Peer 1: 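Got a structure for you, written out below as structure tokens; questions coming shortly.
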Amino acid sequence: MCQNILIQQHVDGSDFFDRTWSEFKAGFGSTSGNYWLGNEQLHTLTQDNKYKLRFELQSNASGLWYWAEYDTFTVGDESTQYTLTVAGFNGNVIREAILQLQWLNRMKFSTKDRDNDMSSNNCAQFWGGGFILK
């Protein structure tokens, strides 16, 4: 049986995801609009490695839909800074999008108030938080 769980939804170009560590930990928004499930919930759901991660993306230019799926998807607990693990790609998105997510494999979660990325700058602060680019 397939069960879908909405993790993130970004429906407009706002800076809605420019949030703090505690906000990303708890989750925020509404499933009818901009939404983040929450890092604690992500960890709880994925700790037994029972879920796949699937992205569904729509092109603003063409209106076409694309998808990417990873057979392995886990998020560590807060003591690991919610480290992301993804592997086993399948999908029809462009190669550049796949390489970007694979680059995030084994990365720690960063926010504007907690810099865990490998850059000399705080990427979450520079790009506007979470996984959303301005």
Side-chain angles (χ1 to χ4, degrees):
M1 183 172 122
C2 181
Q3 179 182 5
N4 296 317
I5 299 171
L6 181 63
I7 295 171
Q8 177 181 331
Q9 182 166 264
H10 191 213
V11 296
D12 60 34
S14 73
D15 63 355
F16 184 80
F17 289 88
D18 192 11
R19 303 286 183 124
T20 65
W21 182 268
S22 62
E23 289 174 296
F24 273 102
K25 179 180 178 177
F28 50 85
S30 166
T31 57
S32 62
N34 291 331
Y35 175 75
W36 179 256
L37 177 66
N39 290 343
E40 275 300 308
Q41 184 71 5
L42 278 171
H43 166 67
T44 300
L45 285 169
T46 65
Q47 66 184 345
D48 294 330
N49 200 22
K50 295 179 184 176
Y51 289 94
K52 294 181 179 184
L53 177 63
R54 182 178 175 99
F55 292 90
E56 295 185 6
L57 310 161
Q58 186 175 26
S59 168
N60 287 336
S62 68
L64 295 175
W65 282 90
Y66 300 93
W67 63 278
E69 189 170 276
Y70 291 85
D71 291 331
T72 299
F73 169 53
T74 61
V75 175
D77 63 14
E78 190 172 19
S79 72
T80 71
Q81 316 314 330
Y82 300 111
T83 298
L84 173 69
T85 303
V86 292
F89 168 77
N90 189 17
N92 69 352
V93 299
I94 58 173
R95 179 173 167 75
E96 289 76 15
I98 301 313
L99 292 175
Q100 189 170 11
L101 184 63
Q102 288 176 345
W103 184 80
L104 293 173
N105 186 41
R106 305 270 185 219
M107 295 291 285
K108 298 174 181 178
F109 198 83
S110 284
T111 58
K112 64 183 181 181
D113 63 336
R114 192 167 305 181
D115 183 13
N116 292 314
D117 61 58
M118 296 174 16
S119 172
S120 59
N121 300 313
N122 182 336
C123 291
Q125 192 172 48
F126 181 79
W127 293 108
F131 298 118
I132 303 301
L133 300 180
K134 286 185 177 176

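Remember, predicted model here, so these are calculated numbers, not experimental data.
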Peer 1: Write down the atom of Val93, the atom of Ala68, and the distance for their closest heavy-atom approach.
Peer 2: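 That closest heavy-atom pairing would be CG2-CB, 4.0 Å.
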Peer 1: Before giving the answer on side-chain contact (heavy atoms from CB on, under 4.5 Å), spell out for Thr72 and Phe89 the whole-Å C-alpha distance, their side-chain angles and the decisive distance to 0.1 Å.
Peer 2: CA-CA 9 Å; Thr72 299; Phe89 168 77; over 6 Å; no
Peer 1: Can you name the nearest heavy-atom pair linking Val75 to Thr46, along with the distance?
Peer 2: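 Looking at all heavy atoms of both residues, the closest pair is N-OG1, 2.9 Å.
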Peer 1: Within 45 degrees of the ring normal and closer than 6.0 Å to the centroid, is that where the cationic atom of Arg19 sits relative to Phe28?
Peer 2: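 Yes, cation above the ring, under 6.0 Å and within 45°.
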Peer 1: Assign the ring pair Trp21 / Tyr82 to parallel, tilted or perpendicular, where the plane angle (0 to 90°) is split at 30° and 60°.
Peer 2: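 Rings of Trp21 and Tyr82: tilted, as their planes differ by 30° to 60°.
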Peer 1: Taking all atoms of both residues into account, what is the closest heavy-atom pair of Leu53 and Ile7, and its distance?
Peer 2: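 Smallest interatomic distance, heavy atoms only, reads CD1-CD1, 3.9 Å.
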Peer 1: Assigning hydrophobic clusters by single linkage (Ile, Leu, Val, Met, Phe, Trp, Tyr; side-chain heavy-atom cutoff under 4.5 Å), is Leu57 placed with Leu84?
Peer 2: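 Yes, because Leu57 and Leu84 connect within a single hydrophobic cluster, where side-chain heavy atoms sit under 4.5 Å apart.
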Peer 1: Verify side-chain contact (heavy atoms from CB on, under 4.5 Å) between Tyr66 and Gln58, making sure each step is shown before the conclusion.
Peer 2: CA-CA 6 Å; Tyr66 300 93; Gln58 186 175 26; over 6 Å; no
Peer 1: Give, for atom CZ of Phe16 and atom NE2 of His10, the distance between the pair rounded to the nearest 0.5 Å.
Peer 2: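 These two atoms lie 9.0 Å from each other.
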Peer 1: Taking atom CG as the centre, does Asn92 end up with more than 12 heavy-atom neighbours from other residues, nucleotides or ligands that are less than 6.0 angstrom away?
Peer 2: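 Yes, because the 6.0 Å sphere around CG of Asn92 holds more than 12 heavy atoms from other groups.
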Peer 1: So Tyr70 and Phe55, would you call those rings parallel, tilted or perpendicular, with 30° and 60° as cut-offs?
Peer 2: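 Tyr70 and Phe55: perpendicular rings.
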Peer 1: Are any non-hydrogen side-chain atoms of Asn105 and Thr85 less than 4.5 angstrom apart?
Peer 2: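 Yes; the side chains approach each other to less than 4.5 Å.
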Peer 1: With no hydrogens and no angle check, is any side-chain donor or acceptor of Gln9 less than 3.5 Å from a backbone partner on Gly33?
Peer 2: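 Flag set: sc Gln9 to bb Gly33 pair under 3.5 Å.
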Peer 1: Go through Leu45 and Leu37 one step at a time and tell me if the side-chain contact (heavy atoms from CB on, under 4.5 Å) criterion holds.
Peer 2: CA-CA 11 Å; Leu45 285 169; Leu37 177 66; 3.8 Å; yes
Peer 1: In Å and rounded to the nearest 0.5 Å, what is the CD to CG distance from Gln47 to Leu42?
Peer 2: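 Result: 11.5 Å between the selected atoms.
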Peer 1: Could you check Glu40, Gln41, Glu78, His43 and say which one makes a side-chain hydrogen bond (donor to acceptor under 3.5 Å, both in side chains) with Lys25?
Peer 2: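 Result for side-chain hydrogen bond (donor to acceptor under 3.5 Å, both in side chains) with Lys25: Glu78.
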Peer 1: Run the numbers on Trp67 and Arg54 for side-chain contact (heavy atoms from CB on, under 4.5 Å), then give the verdict.
Peer 2: CA-CA 7 Å; Trp67 63 278; Arg54 182 178 175 99; 3.3 Å; yes
Peer 1: Test of understanding: clusters of I, L, V, M, F, W, Y form through side-chain heavy atoms closer than 4.5 Å, transitively. Do Leu6 and Val86 belong to the same one?
Peer 2: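 In one cluster with Leu6: Val86, yes.
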Peer 1: How far does CD of Glu23 sit from CG of Asp18, to the nearest 0.5 angstrom?
Peer 2: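 Going from the CD atom of Glu23 to the CG atom of Asp18 covers 9.0 Å.
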Peer 1: Taking Asp77 for the side chain and Thr80 for the main chain, is one N or O donor matched with an acceptor at less than 3.5 Å?
Peer 2: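 Flag set: sc Asp77 to bb Thr80 pair under 3.5 Å.
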Peer 1: Is there a donor-acceptor contact under 3.5 Å linking the side chains of Thr83 and Arg106?
Peer 2: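 There is no such pair between these side chains.
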Peer 1: Could you report the tightest heavy-atom contact between Gln8 and Trp36, atom names first, then the distance?
Peer 2: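 Looks like OE1-CZ3, 3.1 Å.
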Peer 1: So, Asn90 side chain and Glu69 main chain: donor-acceptor pair closer than 3.5 Å or not?
Peer 2: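 Pair absent, no side-chain N/O of Asn90 close to backbone of Glu69.
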Peer 1: Does the side chain of Thr111 reach to within under 4.5 Å of the side chain of Thr20, using non-hydrogen atoms?
Peer 2: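 Side chain of Thr111 against side chain of Thr20, heavy atoms only: no contact under 4.5 Å found.
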